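The structure under discussion appears below in the form of structure tokens.
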Amino acid sequence: MSEKKKDELLHDHNHDGIDRRGFLKCMAWAGTGAFCVMKGGVLNSYSLSRMSEISTADMMAELSFVQISDSHMGFNKPANPDVVGTLKAAVDKVNGLSATPEFMLHTGDISHLSKPEEFDTVDQILKSAKPKDVFYVPGEHDVLNDDGKQFLERYGKGSKGRGWYSFDKKGVHFVGLVNVMNLKAGGLGTLGHEQLEWLEDDVKHLKHSTPIVVFAHIPLWSVYPEWGWGTEDSAQALAYLKKVGSVTVLNGHIHQTMQKVEGNVTFHTAASTAFPQPQPGKADSPGPMKVPAEQLRSVLGITDVNYVQGQHALAVVDSSLA
Amino acid sequence: MRRSVSIAGLAAALVLGIGVWGTGQKGSVTSAQEKMSTMEVRIDNFSFGPVALTVPVGTTVIWTNRDDIPHTVVSTDDPKTFKSKVLDTDEKFSFSFSKAGTYPYFCSIHPKMTGKVIVQ
């Protein structure tokens with residue numbers, strides 16, 4: 001592999017689905033950032049430092065949206081005493097994107113303690129974002145004390161069960177899942193039987209060529225079960241999506257960007273807008289990680305996703321708030 | 001929370017009462033029993049410490065959250081023997097164990113966090 005190609009990954013999904021070398025190379029840790037384009041089942045991954053080499057055609061998107069996550073409004077500990085300021089910075093970042101996103105996804109932990117005033121503050125700040133529609137799924141911090149009643153009243157209009165739903169935008173099918181309710185002692189995130197049945201039915205009639213974006217708070221892949229970073233029954237959910245050519249899974253919860261490709265599925269976790277958490281197993285616990293104040297915004301961020309119709313491609317780009 | 005605290009007070013008074021009743025026999029045992037009437041569990045680094053706590057019947061266990069992240073203390077049985085509200089940093093929850101038995105519990109926000117109280 002030549003020096004120029006060092007950061008590039010060509011991964012053929014038409015074989016058995018899991019290429020160990022590709023798997024490892026397409027994991028992007030906090031701060032590094034990755035841009036992935038999928039074409040006809042082949043995923044190209046570039047580091048952000050080589051973005052200038054990507055052709056304009058690749059960047060032209062029919063549909064562009066942004067994922068933000070883990071705003072933890074109400075958090076006031078040393079890891080970030082100003083979560084209002086960093087959420088505002090995230091909105092500024094969204095508003096500064098060259099193509100205005102059509103909408104935003106918030107993948108949960110909107111609030112820190114499920115307090116009404118915390119949700120109010122986030123709603124107020126997000127009003128200044130150029131994209132006016134925001135689609136939410138709850139994090140465990142949003143459903144404290146009331147089994148998610150308040151969350152459903154605020155954000156769950158038209159949703160099913162405990163807040164799951166789907167919608168279509170420009171040929172892409174979006175599915176919002178809830179995996180933070182009814183958690184069992186010793187276990188991970190859970191989707192539950194009722195939601196899985198709904199999902200099976202929801203995707204049954206989709207064509208192979210319809211790209212799917214699935215978003216949920218806790219990762220739908222086993223990032224680090226020792227810290228609860230995974231979902232017990234996610235394999236069942238993904239089994240229903242096997243027949244679809246391109247699945248992009250967007251999660252939050254772990255407060256760092258990470259990416260993995262497995263078969264037809266690209267998994268991606270977003271940075272938080274509030275505080276970073278340590279890399280798996282690199283600390284005693286997954287609690288908030290204190291970094292020097294001047295470095296904080298470099299480990300917080302937003303995720304920009306672009307879909308190029310006809311090219312079968314979803315491109316995921318992380319940007320820090322720095 | 002307030003109700004639990006008053007139960008704790010009652011339990012302490014009971015232990016004291018027993019102590020007075022037995023005066024003159026084993027004063028050192030009395031003071032040991034007083035100390036035993038409440039026990040602490042610290043929530044630190046996403047874990048309960050100690051993970052397994054053994055206490056005599058009548059003991060009030062007080063959990064204190066020392067993390068920068070909220071946690072809960074919820075028994076795993078159904079119906080729940082005890083269930084705290086969400087505990088933010090430095091907040092406490094207490095429960096008095098009046099019956100012998102093993103009481104497994106967990107944090108309902110971070111279910112990997114588990115512990116148990118063994119009441120003898």
Side-chain angles (χ1 to χ4, degrees), chain A residues 70 72 74-81 83 108-109 111-115 118 138-148 179-190 217-218 224-232 253-255 272 274-278 283-290, chain B residues 1-4 41-53 61 63-95 101-119:
Chain A
D70 296 87
H72 281 266
F75 180 86
N76 56 9
K77 302 299 186 298
N80 183 0
V83 294
D109 285 357
S111 74
H112 191 57
L113 292 168
S114 298
K115 291 181 179 167
E118 296 171 348
E140 69 281 2
H141 285 258
D142 302 319
V143 296
L144 303 174
N145 295 327
D146 72 347
D147 247 2
N179 57 359
V180 297
M181 307 290 290
N182 284 327
L183 304 182
K184 299 285 181 292
L188 304 169
T190 307
H217 179 65
I218 299 176
Y224 196 63
E226 291 85 342
W227 282 357
W229 291 359
T231 301
E232 308 243 336
H253 188 60
I254 68 170
H255 296 220
S272 163
F275 56 85
Q277 284 177 222
D284 291 337
S285 79
M289 188 166 71
K290 176 117 175 58
Chain B
M1 186 85 110
R2 192 164 293 164
R3 199 175 65 118
S4 307
V41 175
R42 285 167 61 108
I43 304 174
D44 234 332
N45 267 331
F46 286 62
S47 55
F48 297 105
V51 170
L53 178 70
V61 177
W63 286 264
T64 308
N65 181 13
R66 309 298 297 266
D67 267 346
D68 276 356
I69 285 289
H71 295 294
T72 64
V73 177
V74 180
S75 66
T76 55
D77 51 357
D78 187 27
K80 305 282 181 209
T81 305
F82 52 92
K83 184 175 190 289
S84 77
K85 285 218 171 278
V86 170
L87 308 176
D88 200 1
T89 307
D90 292 331
E91 288 186 336
K92 293 172 191 293
F93 168 70
S94 61
F95 185 80
T102 299
Y103 298 84
Y105 65 90
F106 73 121
C107 166
S108 60
I109 312 172
H110 310 101
K112 278 282 166 188
M113 294 171 58
T114 59
K116 62 182 168 185
V117 178
I118 300 148
V119 183

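All values derive from a computational prediction rather than experimental measurement. Residue numbers begin at 1 in each chain, while the letters A, B, ... track the order of the sequences.
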query: What is the distance from atom CG of A:N76 to atom CG of B:D88, rounded to the nearest 0.5 Å?
result: 7.5 Å
message: Is there a side-chain contact between B:I69 and A:P286 in this structure, where contact means two heavy atoms from C-beta onward sitting under 4.5 Å apart?
response: no
- request: Quick one: which of A:G186, A:P78, A:A79, A:G228 has the most heavy-atom pairs under 4.5 Å with chain B, could you say?
  value: A:G186
query: Is B:K116 atom NZ crowded by more than 12 heavy atoms from other residues, nucleotides or ligands, each under 6.0 Å away?
result: no
message: Using heavy-atom distances under 4.5 Å, tell me whether A:H112 contacts chain B through its side chain, its backbone, both, or neither.
response: both
Atom NZ of B:K85 with >12 non-hydrogen neighbours under 6.0 angstrom: no
field: Inter-residue atom distance A:N145.CG - B:T72.OG1, 0.5 Å rounding
entry: 9.0 Å
- line: If one checks every heavy atom of B:D67 against chain A at 4.5 Å, the contacting part turns out to be neither
query: For B:F106, is it the side chain, the backbone, both or neither that has a heavy atom under 4.5 Å from a heavy atom of chain A?
result: side chain
query: Crowded around B:K83 NZ? As in, over 12 foreign heavy atoms under 6.0 Å?
result: no
message: How close do A:A185 and B:T76 get, counting heavy atoms only, and between which atoms?
response: CB-CG2, 3.4 Å
field: Heavy-atom closest contact (A:G187 atom, B:P111 atom, distance)
entry: O-CG, 3.3 Å
message: Counting C-beta onward and ignoring hydrogens, is there a side-chain heavy-atom pair between B:K112 and A:L188 closer than 4.5 Å?
response: yes
query: Do you know the tightest heavy-atom contact between A:L183 and B:S108?
result: CD1-O, 3.8 Å
